[in-house]
Structure formats: structure tokens, C-alpha cells
Amino acid sequence: MSEFYFTKNNIDDLLFQLGKEFKRVGGRKVHAEVTIIGGAAIVSKYGFRLSTTDIDALINAPTSIKDAINNVGDNNNLPNGWINPDFMKTCSYTEKIREYSVYYKTFCNVLEVRMLPPAYDVAMKLQSFRSYKYDISDIIGIIKTGNVRRDEIEEAVGNFYGGFDNLVRSKDAVNLLDSIYSTDDLDELYRSARGNESENRIVLKELSDDEPDKFKKYGVDAILEMAKRKNKKI
């Protein structure tokens with residue numbers, strides 16, 4: 001199956017279909033709540049990123065939601081797990097997501113969708129901080145598009161993770177914010193970050209094809225650092 005790209009338009013359409021199908025399999029009196037985070041939320045709310053390859057979501061619903069998700073996936077030729085809670089296994093997950101989420105839309109009177117305010121989107125990206133995904137460029141894009149103040153981000157990081165000292169890459173996170181709030185050209189900073197991330201992905205793809213055992217032994221960040229030392233362009 002070819003990779004499917006979720007966009008602002010088809011995300012809302014698929015959520016409508018999910019609400020409709022959930023009502024069909026569960027009944028009109030059964031309700032579900034889905035909090036969308038990560039790339040899908042960014043695609044839905046901001047204009048700088050056009051697509052993502054899956055929908056990360058915190059799902060609070062009866063078990064019938066699984067059938068509804070699978071049926072919508074089958075009807076649209078979507079990959080398995082097109083909407084999933086797998087992010088809960090990552091370092092950016094916090095039990096406080098629901099508490100700080102805000103209402104987005106209701107579909108078919110049974111499916112309430114929630115998302116996070118911009119500063120909390122940034123906080124989660126600061127925690128994950130993957131140079132081979134789009135975390136860094138997403139942070140820049142959200143701050144620029146959402147006019148997010150630094151004190152709002154500091155508050156969000158505190159509420160979610162107890163402060164910057166508890167972030168996995170706390171020094172890098174602070175340095176990035178220093179760069180963002182001191183530059184006169186956020187557009188260029190975004191382009192540079194996005195370019196670096198794209199190049200990192202290419203390097204990792206090449207290395208995973210040529211030397212897959214290295215990933216088990218060293219991990220992604222260490223491999224990227226080794227690639228830099230070998231003068232690969234990343």
C-alpha cells in the first residue's frame with residue numbers, strides 16, 4: 001500500500017466519517033472524545049505544514065470506536081492504525097494532555113475532537129526534539145504562525161513536564177528558543193531547520209538500508225553524529 005498523506009481537508013473529512021461510523025456501530029447515545037496531537041494537529045491548525053502520515057490521538061471512547069476506525073480505514077484504503085495512541089509510549093506523552101486540551105469540533109453529534117493550545121504543541125515538540133523528524137521546524141512554525149510568547153511556552157513546559165530541566169534535551173531546547181526569539185528572520189530559520197531535517201532523514205534512510213545493525217547498536221542520534229564526523233552532508 002502506498003503511503004497516505006493526511007491534509008487539513010481530508011483530516012476533517014475522515015473525522016466526520018469516523019463520527020458517522022461510530023454512531024452507526026455504537027448508537028446515537030454513545031459518545032467519544034479524541035484529542036489530536038502532533039503532526040495532524042499542526043496540519044489542521046497552522047498553515048506552514050501541509051501533510052502528515054498518521055494521526056496521533058488520545059482516544060477516550062467505548063471499544064466500538066475500534067470497529068469504527070477500522071471500517072473508515074477500509075473504506076478509504078488507509079494504512080492500519082491511521083489514527084492511533086502510539087505516542088503515549090514516547091517521552092513527550094503526559095497524563096496532563098486532556099487537562100490542557102481545548103475544544104476543536106464535534107462530528108455527527110457523537111465525536112468530540114480536542115487539540116492543544118499552541119504553546120503546548122511547542123512544549124511537546126521541545127520534549128521529543130528529534131532532528132530527523134520535523135520537530136524543530138514545527139516549533140519555529142508554530143511560534144511564528146501562532147504568535148506564541150516565550151513565557152507561554154515556559155508555562156506550558158512547566159505544566160506538562162515540571163520545567164525545562166526535565167526535558168530530554170533541555171540545553172538544546174533552551175538554545176533553540178534563544179535563537180528563535182533573537183532572530184530577525186524566522187522564515188530563514190524555518191527553512192534552514194526544515195532543510196537539515198530533510199537531509200537527516202535521507203542520511204538515516206541510506207544508513208538503514210546499508211548498515212541496519214548500527215541502529216540497534218548505537219541509536220539514531222549517535223548515528224547522525226557519526227555521519228557528521230564522516231563529513232556527510234546533513
### Query
Any chance the side chains of Tyr190 and Asp185 put a donor and an acceptor closer than 3.5 Å?
no
Exercise for review: Under the side-chain contact (heavy atoms from CB on, under 4.5 Å) rule, what do Phe160 and Ile97 come out as? Steps first, then yes or no, please.
Suggested key: CA-CA 8 Å; Phe160 265 11; Ile97 287 174; 4.1 Å; yes
Check the pair Glu154, Arg150 against salt bridge (charged side-chain N to carboxylate O under 4.0 Å, His left out), reporting the backbone distance first and the verdict last.
-> CA-CA 6 Å; Glu154 292 169 350; Arg150 186 162 185 163; 3.6 Å; yes
Self-check item: Asn76 and Gln17: side chain donor to acceptor below 3.5 Å
Solution: yes
Short N-O contact, Asp135 and Lys133, less than 4.0 angstrom = no
Just do the side-chain contact (heavy atoms from CB on, under 4.5 Å) check on Leu78 and Leu14 with the steps written out, would you?
CA-CA 10 Å; Leu78 301 178; Leu14 290 167; 3.9 Å; yes
Does the Ser44 side chain pair with the main chain of Ala40, one donor and one acceptor, at a distance under 3.5 Å?
yes
Practice prompt. Using a 4.5 Å cut-off on heavy atoms from C-beta on, say whether the side chain of Asp56 contacts that of Asn84.
Written response: yes
When rounded to the nearest 0.5 Å, the distance separating CG of Leu189 from OG of Ser179 is 6.5 Å
Smallest heavy-atom separation, Gly47 atom then Thr145 atom, equals N-CG2, 4.3 Å
The reported gap from CG in Asn71 to CZ in Arg24 (rounded to nearest 0.5 angstrom) is 6.0 Å
What one should report as the nearest heavy-atom pair of Ala173 and Leu167 is CB-CD1, 3.8 Å
Minimal heavy-atom distance between Tyr132 and Asn200, with the atoms involved, is CA-CB, 4.1 Å
### Message
Tell me whether the rings of Phe6 and Trp82 are parallel (<30°), tilted (30 to 60°) or perpendicular (>60°).
### Response
parallel
- Item | Near-ring test Phe107/Phe16, centroid separation under 6.0 angstrom | no
Take atom CD in Glu95; do more than 12 heavy atoms of anything else shown fall under 6.0 Å from it? no
Do Val110 and Val30 sit in the same hydrophobic cluster, where Ile, Leu, Val, Met, Phe, Trp and Tyr count as joined when their side-chain heavy atoms come under 4.5 Å apart? yes
Closest heavy-atom pair, Ala68 versus Val25, reported as atoms and distance to 0.1 Å, is CB-CG2, 4.2 Å
When Lys45, Lys144, Lys125 are each screened for salt bridge (charged side-chain N to carboxylate O under 4.0 Å, His left out) with Asp138, the one that passes is Lys125
message = Tell me whether the rings of Tyr93 and Phe87 are parallel (<30°), tilted (30 to 60°) or perpendicular (>60°).
response = perpendicular
Practice problem: May I ask you to test the Gln127-Asn166 pair for a side-chain heavy-atom distance under 4.5 Å? | Solution: no
Applying a strict under-4.5 Å side-chain criterion to I, L, V, M, F, W and Y, I'd like to know whether Ile139 and Val168 cluster together. no
Would you say that Leu176 contacts Ile136 through its side chain, given a criterion of any heavy-atom pair below 4.5 Å between the two side chains?
yes
* Checking His31 side chain against Ala61 main chain: does a donor-acceptor pair fall under 3.5 Å? -> no
Using the rule that Ile, Leu, Val, Met, Phe, Trp and Tyr join whenever any side-chain heavy atoms are under 4.5 Å apart, tell me whether Val174 and Leu126 fall into a single cluster. yes
Here the salt bridge (charged side-chain N to carboxylate O under 4.0 Å, His left out) pairs for residues 58-80, sequence neighbours left out, are none
| said: As a quick check of understanding, evaluate side-chain contact (heavy atoms from CB on, under 4.5 Å) for Leu116 and Val102, giving each step before the final call. | reply: CA-CA 6 Å; Leu116 291 170; Val102 295; over 6 Å; no
Donor on one side chain, acceptor on other, Tyr104 and Ser101, under 3.5 Å: no
*asked:* Is any side-chain heavy atom of Ile153 closer than 4.5 Å to one of Tyr120?
replied: no
- Query: Are any of the side-chain heavy atoms of Tyr46 and Pro118 separated by less than 4.5 Å?
  - Reply: yes
Would you indicate whether the side-chain heavy atoms of Thr52 and Thr7 approach each other to under 4.5 Å? no
Separation between CG (Leu18) and CD1 (Ile11), nearest 0.5 Å, reads 13.0 Å
Would you call Lys96 and Glu99 a salt bridge, using N to O less than 4.0 angstrom? no
Salt bridge present between Arg114 and Glu112 (N-O < 4.0 angstrom): yes
- prompt: Is any side-chain heavy atom of Thr53 less than 4.5 Å from a side-chain heavy atom of Phe4?
  reply: no
Answer yes or no: is there an ion pair linking Glu197 with Arg130, defined by an N-O contact shorter than 4.0 Å? no
What one should report as the nearest heavy-atom pair of Ala119 and Ala156 is O-CB, 3.6 Å
CD1 (Ile143) and CD1 (Ile180) are apart, to the nearest 0.5 Å, by 4.0 Å
Check your understanding: Would you say Asn175's side chain and Lys171's backbone share a donor-acceptor pair under 3.5 angstrom?
Key -> yes
request  = Applying side-chain contact (heavy atoms from CB on, under 4.5 Å), run through Tyr134 and Arg201 and close with a yes or a no.
outcome  = CA-CA 10 Å; Tyr134 294 126; Arg201 291 165 70 91; 3.7 Å; yes
To the nearest 0.5 Å, atom OG of Ser137 lies from atom CZ of Arg49 at 7.0 Å
Of all heavy-atom pairs linking Tyr181 and Val148, the shortest is OH-O, 2.6 Å
So CD1 of Ile142 and CE of Met124: to nearest 0.5 Å the spacing works out to 10.5 Å
### Task
Determine yes or no for a side-chain-to-main-chain donor-acceptor pair under 3.5 angstrom, with Ser192 supplying the side chain and Glu188 the backbone.
no
Checklist entry - Quick one: does Asn10's side chain get under 4.5 Å of Tyr5's, heavy atoms only? => result no
